[in-house]
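Here's the structure, in structure tokens; my notes come after.
Both backbone and side-chain heavy atoms feed into the values below; hydrogens, waters and symmetry mates do not.
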Amino acid sequence: MLRSVKSTQRKMRIIEIVLDEASKSVNGDLSDKLNGPAKKQVKSITCNGSGIVEIELKQPFSAQPVVLRTNANSIAPGARKGGSGTDQIKFTIDNAGLETHVLIVGSDSSEQY
């Protein structure tokens, strides 16, 4: 008799954040431009003044996350999964006058099914 429930379902986590319209022109910290239901899961967020945004999460994923975004069609060069155990997500904001919505989907389990 099976005594424990066995499941192949992954431990998934979804992070939803929104960046203000003026985020593209900021050079440095974007914390005051950050909104959304999961904004407290972001450890740091910076922009270089030309639209390249870098996000570091408080709790890293076990595998490389999937990043979906609006108003940001291009991914900047660089790894999404840092070697030090932190998730570093980079992308370029396209239009300065629009909000940027970012949805990060990742797994807290490194197993693959």
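- Between Thr46 and Ile55 the shortest side-chain heavy-atom distance does not fall below 4.5 Å.
- Proximity of Val18 to Val102: side-chain heavy atoms (C-beta onward) are nowhere separated by under 4.5 Å.
- Between Gln41 and Arg13 the shortest side-chain heavy-atom distance falls below 4.5 Å.
- For the pair Ile14/Ile104, no side-chain contact is recorded, criterion being any heavy-atom separation below 4.5 Å from C-beta on.
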**Report entry** Stepwise side chain to side chain contact (heavy atoms under 4.5 Å, CB included) test for Glu54 and Lys90
**Finding:** CA-CA 4 Å; Glu54 185 172 335; Lys90 291 183 181 182; 3.2 Å; yes
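- Between Val53 and Ile45, some side-chain heavy-atom pair lies under the 4.5 Å cut-off.
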**Report entry** CA sep, side-chain torsions, deciding dist, call: Asn35, Ile17, side chain to side chain contact (heavy atoms under 4.5 Å, CB included)
**Finding:** CA-CA 6 Å; Asn35 292 307; Ile17 56 174; over 6 Å; no
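- By the 4.5 Å heavy-atom criterion applied to side chains, Ile52 and Phe91 are not counted as neighbours.
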Report task. Show the numbers, then the answer: is there a side chain to side chain contact (heavy atoms under 4.5 Å, CB included) between Lys43 and Leu57? Result -> CA-CA 5 Å; Lys43 183 176 181 180; Leu57 302 175; 6.0 Å; no
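- Asn71 contributes atom CG, which lies 4.0 Å from atom OG1 of Thr100 (distance to the nearest 0.5 angstrom).
- Across all non-hydrogen atoms, the minimal contact from Pro60 to Lys58 is CD-O, 3.7 Å.
- The closest donor-acceptor contact from the side chain of Asn95 to the backbone of Gly97 lies at 3.5 Å or more, if one exists at all.
- Counting only residues at least two apart or in different chains, side-chain hydrogen bond (donor to acceptor under 3.5 Å, both in side chains) contacts with residues 22-31 comprise Asp29-Ser31.
- The shortest distance between side-chain heavy atoms of Val67 and Leu103 does not fall below 4.5 Å.
- Contact annotation: the side chain of Ile15 approaches that of Phe61 to within less than 4.5 Å [non-hydrogen atoms, C-beta and beyond].
- Qualifying side chain to side chain contact (heavy atoms under 4.5 Å, CB included) partners for Val26, counting only residues two or more places apart in sequence or in other chains: Leu30, Lys33.
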